[in-house]
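As structure tokens, the structure follows; a few thoughts come after it.
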Amino acid sequence: MSEEKLMQIFIMGKAYNVPAGITIMDAMEYAGYQFVRGAGCRSGFCGACGTVYRKEGDYRLEFALACQEMVEEGMHLTQLPFTPAPRSRYVLDDLDAGENVLLQHYPAIARCVSCNTCTKACPQDIEVMDYVQAALRGDLEKVSELSFDCIQCGLCSMRCPADIKHYHFAQMARRLYAVTQSPEPDHLQTRMSELAEGIHEAELDTLMKMNLEELKQRYAQRVIETEGEAS
Amino acid sequence: MNTIPYFPGCSLKDTAASFESSAQFVMEKLGLQLQELERWNCCGTVSSLTTDDLMHHLASVRNLVRVQDLEQTELVALCSMCYNTLSRTAQRINADAEERDKINQFMDRESDYQGAVVVRHLLQVLRDRIGWQALEQATPHSLEGLNVACYYGCTLLRPKEAAIDNVEKPTIMSEAMAAAGAMPVHFPFAGECCGTYQVVDRRDLSIERSFRVIQSAAREGANVIATACPLCQHNLKEAQRELAGASELADIEIVYFTELLAAAMGMDSQKLPEGLSARMQQVAEAQTG
Amino acid sequence: MSRAKTVSVENFRARVEELSGENVFACYQCGMCSAGCPLTDQMDRLPSQVIRDLQQDDITLLESNAMWVCASCLACEVRCPKGVDLAKLMEALRQLHLRKELDHVSIDEMSPQEIAKLPQIALVASFRKKTG
Ligand code: SF4
Ligand code: SF4
Ligand code: SF4
Ligand code: SF4
Ligand code: FES
């Protein structure tokens, strides 16, 4: 431990010395913070660990995922693991995907001023402003495509001066698009009928009987099918 | 084919799609294709009027940057609210280097806006670039029997610096209609407000204003009202639906001016508003029969 | 205890002039603006009275509904013989409220049915003029 290079960071204003080359999340734990909430997958997928920081000499406030972003000397940071942003209630099958549907449920979309702050805040490098704009003009396909990598961290909505709930309406758009417009993939159809026929029951039984080690081995050996070659 | 950078606006992609499709049809026929900006955002719809509120001009400026990125200096809009907002922002920001600087610094992920883009409405392009004569030649299907009241509303005429024609006595849309063979009807409410966005929380007010526009057009003998704005169109139609009842006001067709031009150019009647096709059919039958 | 947000009224006239960029004393009360305004029926003060009240630094103007009924049609602006842009004064009055988060349209209370079919430009415009 003694040869390890330490650097100074500030967590909620208090200085700590932490090892260089670790993530913000690890640094906070090193400093003694315990994550009761605000941490999940620890690998950049769940969106639970939103964090906000300012670097020494940088006028910008930066946003990232604590489990992904490395600490830097002189960083000032805190966690923003949750954005209060209520979701609209809807029954997918009852929605008319026609005119204005996203606006009907999320009218604040119409308040966007095109400041692009959301895009700058997004740790997934999504063109958030562009998907807000696509939503305003009712383009479900474009919203779905652009927002596909969204992990619902909420940082965009935390920053937006127009109080838009980006990730909620984007999810609604993807759902609607999937149900009403996007072509149903063949392999999904095939798999569904296989399931109905019970073709995979035996395989499932075998898996259920395996112990942890065997399961791990199977997992490591798995073959990932690409679209179309499902069997 | 010649092309011109084109800003559609949100409503034309959704609630007012026929405005766009008819305009595209018309411009194809005229040999000047509307080239939609690949990436664009809502113009903001209404111009922000306070001295310090630059934030609300950002949306428009971003679109001007897109035009600049194409190495073009002209942008045409179809929706008159978009036209008005884009044009006013362009004029303000083109003339003020200091404000332009501020905006450029804020939009640090865009190329700097140089202040050279001019915004025009499609009607101006028709008048100044195509010409009424060419329009007349391109419209073989007569609009005879259609008495068209051209409704401008606010945003094509005001403020003065955004006016596409004489502020108090505009004729540009009537000239387009006349070139297409329709009979323009002059009526005093051509430039009166339809109640605009008040429809959102003061619907009573927009319905009342819009109904007066319809009454005025009817009084002067119009059987068609031509509009250039999805919001005027919406408000007028709502007023008609709500207040016209069984009166002759219910029979007035309220359509986009581009739909009339498209009809005169032979657009498939399936794609035209039902009432308009029916009326044209009637006239045609009366002529042959 | 949370404090209710209020519009600050210090230097009322000066603040409105600053925000609008207009000189309220340019107006000589001819009434042309009120004559042409399409929405006076619904206003508790006429446009020309709005500017008169500004000249007199009358802060009760903040409670008037005129700024919210005004549709920014600019009929007054193109007709004023003194070149006063009343629409900008109306906007400044609205902004005094909106900048304190005193919205005039309640987005949360709008139902999907109300919004359905409204053209986008109606919503964008309304929210820009009536929410902060
Ligand atoms: S779009 Fe918003 S919620 Fe989704 S990942 Fe980006 S910042 Fe997070
Ligand atoms: S932060 Fe909000 S207002 Fe700004 S571009 Fe994104 S959605 Fe629009
Ligand atoms: S038209 Fe102009 S000068 Fe006349 S009352 Fe109105 S603001 Fe004053
Ligand atoms: S801008 Fe407002 S005050 Fe002026 S005429 Fe129009 S509605 Fe009346
Ligand atoms: S903990 Fe899941 S994304 Fe960071």
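Quick note: numbers below take in every heavy atom, side chains included, and nothing from hydrogens, waters or symmetry partners. So you know, we letter chains A, B, ... as the sequences are listed, proteins then strands, and number each from 1. This structure is a prediction, so every number in the text was calculated from the model and none was measured.
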Determine, for Asp130(A) against Arg39(B), whether the closest basic-nitrogen to carboxylate-oxygen distance falls under 4.0 angstrom. yes

List the steps and the verdict of side chain to side chain contact (heavy atoms under 4.5 Å, CB included) for Arg62(B) and Gln133(A). CA-CA 12 Å; Arg62(B) 269 190 215 284; Gln133(A) 288 296 323; over 6 Å; no

Please say whether more than 12 non-hydrogen atoms of neighbouring residues, nucleotides or ligands are located less than 6.0 Å from CD in Glu161(B). yes

For residues Asn116(A) and Glu110(B), determine if any side-chain heavy atom of one lies less than 4.5 Å from a side-chain heavy atom of the other. no

Over 12 foreign heavy atoms within 6.0 Å of CG, Asn17(A): yes

Atom CG of Asp268(B) with >12 non-hydrogen neighbours under 6.0 angstrom: yes

Using the side chain to side chain contact (heavy atoms under 4.5 Å, CB included) definition, which of the options Leu103(A), Asn100(A), Asp139(A) pairs with Asp14(B)? Asn100(A)

What are the two closest non-hydrogen atoms of Leu58(B) and Cys115(A), and how far apart are they? CD1-CA, 3.8 Å

Nearest non-hydrogen partners of Met55(B) and Pro161(A), listed with the distance: CE-CG, 4.4 Å

With only heavy atoms counted, which part of Arg111(A) is less than 4.5 Å from chain B, the side chain, the backbone, both or neither? neither

If you take all heavy atoms of Ser114(A) and Cys42(B), which pair is closest and at what distance? OG-O, 4.2 Å

